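Following: one structure in structure tokens, then a few remarks.
Since the structure is predicted, the reported quantities are computational estimates derived from the model, not experimental observations. Atoms within each ligand, like the ligands themselves, are counted from 1 in listed order. Atom set for the values below is all heavy atoms of this structure, side chains included, hydrogens, waters and symmetry mates excluded.
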Amino acid sequence: MTGGSMLPAASSTTGAEYKHYEGRITVYILLTCLLAACGGLMFGYDIGISGGVTSMDDFLQKFFPAVLANKRKVGASKNAYCKYNNQKLQAFTSSLYIAGLVSTLFASLVTRRYGRRPTMLIAGLCFVLGVLFNASAQNLLMLILGRVLLGWGVGFANQAVPLYLSEMAPTKWRGGLNILFQLAVTIGILFANLVNYFTGKVAPEGWRISLGLAGIPAALLTIGGIFLPETPNSLVQRGKLEAGRTVLRKIRGIDNVETEFKDLQIAATADAELIQNPFRNVLLQRRYRPQLIISVLLQFFQQFTGINAIMFYAPVLFQTLGFASNASLYSAVITGAVNVLSTVAAIVVVDKVGRRLLFLEAGFQMFIAQTAIAGILGTAMKNTPSTPLSHSLGVLVVVLVCVYTSSFAWSWGPLGWLIPSEIFPLDVRSAGQSIAVSANLFFTFLIAQVFLSLLCTFKWGIFLFFAAWVMVMQAFVLLFIPETKAVPIEEMELVWTRHWFWKRYFKMQPMPNHINCCNNNNNTDLPSADQLIKLDSNLTSLTAAADSNSLQSTQNNITANSATLVQMG
Ligand code: BGC
């Protein structure tokens, strides 16, 4: 018997065929998630602050005098696309990401062994230290050291916060609550742009205020790390069953949480022996291949939308395009505001329209905006944008950048964090998330490090370069990203077994011996206790579904059972 053919090929778009747990959205869970999401504020602030600071003359004079000299020298004869092209300056921006991508691997260990909450606390403390170094920097070394500490914090925060939100949230609102993280990222970026706008006028040390104000989000996350409750999933995984049940009751706002609690227990015990080496498992075991490939590619694509070309360097970019210094920061603030508002739109619709539709619509919008920007810059400025764009074309470019940013903000931005945090099974969830965060920071680093050089080489063609990648992403989403809306986090495996491509990683094995036990009296291959618990749980649902006369759901529970048998195979 081959199992693949027993399973429906299409992915769910309604979620109706998955389990439904009781519970409501409570004030308690909202507040908890809001506080946890503050981890994203810090990430966003760091992304937004570097572009503004590196376009401030006082800052350049103190740490990068060569860049300032070059900037002042640029005249009609020189290619203005290259005026900020300096490896040391790019290292200032990108050192944070290198530190982050290493630290997240350690963060995974802390998240799994000690829980999501202590990981957030460590992140908060690293941030506080990093801010102290940065705001009081006397030389480049102090500045870079501060960035490294902030990067360490980003690694820990981005590892723990998305997981935390996905695990705390009820299935029905998981997408929206998880995107609070990305909302915080965008608010952080906007706050940074606003701060830069004002501190740009404070001579000679306005940049210290810019770097120092990061202390606010750092302090918020530290407070969160002290007071937030641990997730029930992590408590159960670490054997604290009663504490897990209590938190689950509190966050679901009801007393009877037994169905969900039982599933958490099953998920926590099913593969307990695998927990010993989650990284090796996730990297080598075939059954984690779909989640692994998708998580890493999501990060690659997210960065190759070109978003950070805009986010890090918006003020620099707008200045390059001929806007005066204040006007460019102003434009960056507008872009930042569009980013925040569009993320709110994502929160509202993600659990209704699903993830795939958001991706596909946004890809289309990004492609149009990017090619239009390239067209305008290509014809109006060519290679020597020393004569600034006309006022109306300048406004048009800013509008197009906003069109582009809004589509990113309701698709690749939030979904790049949401999907990895919801698709890995509990036993390897921390490791999986940590690989996703590392990949994200690596590709972010790559873009940060090479963007100014790419801009110098490709000039306006840089926007076509990113537009081409957006087309590749559309195909990837269409073919390989299954819909995960409304699928309970501990039932996610069914999504893969039903997908036209990924189901090959879950091929049903030949009938196990124990099924034939009664014919040949050979019972050496009996299923383990854990497998029986899982089967039992599916049978319970099957009975419940039959009781309620729901034919469709009965049929789907049979499918769920088949999937369990596939695993047991
Ligand atoms: C990305 C960042 C990006 C930000 C923009 C995040 O999801 O990971 O690299 O700067 O969105 O809002």
Side-chain angles (χ1 to χ4, degrees), residues 37 39-52 93-94 96-98 100-101 104 150-151 154-155 157-159 161-162 165 175 178-194 217 295-317 332-347 350 355 358-359 362 366 401-421 433-451 466 469 473:
L41 277 183
M42 195 65 207
F43 182 43
Y45 192 83
D46 288 332
I47 290 170
I49 211 70
S50 40
T93 304
S94 50
L96 183 148
Y97 300 94
I98 289 292
L101 80 86
T104 190
L150 291 181
V154 165
N158 291 17
Q159 154 73 26
V161 176
L165 295 172
N178 179 285
I179 294 179
L180 287 178
F181 172 74
Q182 173 71 9
L183 181 66
V185 173
T186 60
I187 293 174
I189 296 176
L190 175 63
F191 180 47
N193 286 343
L194 278 169
S295 297
V296 172
L297 281 182
L298 276 180
Q299 310 312 319
F300 171 80
F301 287 141
Q302 187 199 61
Q303 292 307 312
F304 276 75
T305 55
I307 186 65
N308 280 327
I310 309 263
M311 291 300 144
F312 296 145
Y313 298 114
V316 171
L317 187 71
V333 169
I334 297 179
T335 322
V338 168
N339 197 14
V340 174
L341 293 177
S342 310
T343 307
V344 174
I347 292 180
V350 69
R355 285 64 163 150
L358 285 177
F359 271 130
M366 283 194 274
V401 168
C402 290
V403 169
Y404 163 80
T405 308
S406 65
S407 46
F408 173 87
W410 59 59
S411 60
W412 287 94
L415 301 179
W417 296 106
L418 167 62
I419 294 178
S421 76
Q433 175 72 8
S434 138
I435 291 170
V437 176
S438 282
N440 181 282
L441 296 177
F442 173 74
F443 295 124
T444 310
F445 158 77
L446 203 67
I447 292 284
Q449 196 62 29
V450 302
F451 172 68
F466 289 127
W469 277 112
M473 296 168 204

Please examine the side chains of L165 and S421, heavy atoms only from C-beta on, and report whether any two atoms are closer than 4.5 Å.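 SC-SC contact between S421 and L165 ruled out.
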
Indicate, with yes or no, if the rings of F442 and Y97 have centres closer together than 6.0 Å.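 That pair fails the under 6.0 Å test.
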
Heavy-atom closest pair, residues Q302 and G413: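 Minimum heavy-atom separation between Q302 and G413: NE2-O, 3.2 Å.
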
Among residues at least two apart in sequence or on other chains, which ones pass side-chain contact (heavy atoms from CB on, under 4.5 Å) with P414?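 Here the qualifying residues are I179, Q182, A346.
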
Those residues that, when tested against V340, pass side-chain contact (heavy atoms from CB on, under 4.5 Å) (two or more places apart):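 Listed in chain order: L183, T186, I187, L190.
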
[X]: numbered ligand 1 atoms lying under 4.0 Å from its heavy atoms:
| X | value |
| --- | --- |
| I47 | 2 (C), 10 (O) |
| N440 | 8 (O) |
| N339 | 5 (C), 12 (O) |
| F408 | 5 (C), 11 (O) |
| I189 | 5 (C), 12 (O) |
| W417 | 6 (C), 7 (O), 8 (O) |

Should the pair W417 and F43 be assigned to parallel (<30°), tilted (30 to 60°) or perpendicular (>60°) ring geometry?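 Rings of W417 and F43: perpendicular, as their planes differ by over 60°.
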
Is the shortest N/O to N/O distance between T444 and ligand 1 below 3.5 Å?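 The answer is no, given that T444 and ligand 1 share no N or O pair closer than 3.5 Å.
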
Can you tell which part of W412 has a heavy atom less than 4.0 Å from ligand 1: side chain, backbone, both or neither?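 W412 to ligand 1: no contact under 4.0 Å from either part.
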
Report yes or no: does Q303 have a heavy atom closer than 4.0 Å to ligand 1?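 So Q303 counts as touching ligand 1.
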
Test item, G413 contacting ligand 1 (heavy atom, 4.0 angstrom):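 A heavy atom of G413 does come that close to ligand 1.
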
For the CG atom of N158 and the OG atom of S434, what is their distance to the nearest 0.5 Å?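 Atom-to-atom, N158:CG and S434:OG are 11.5 Å apart.
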
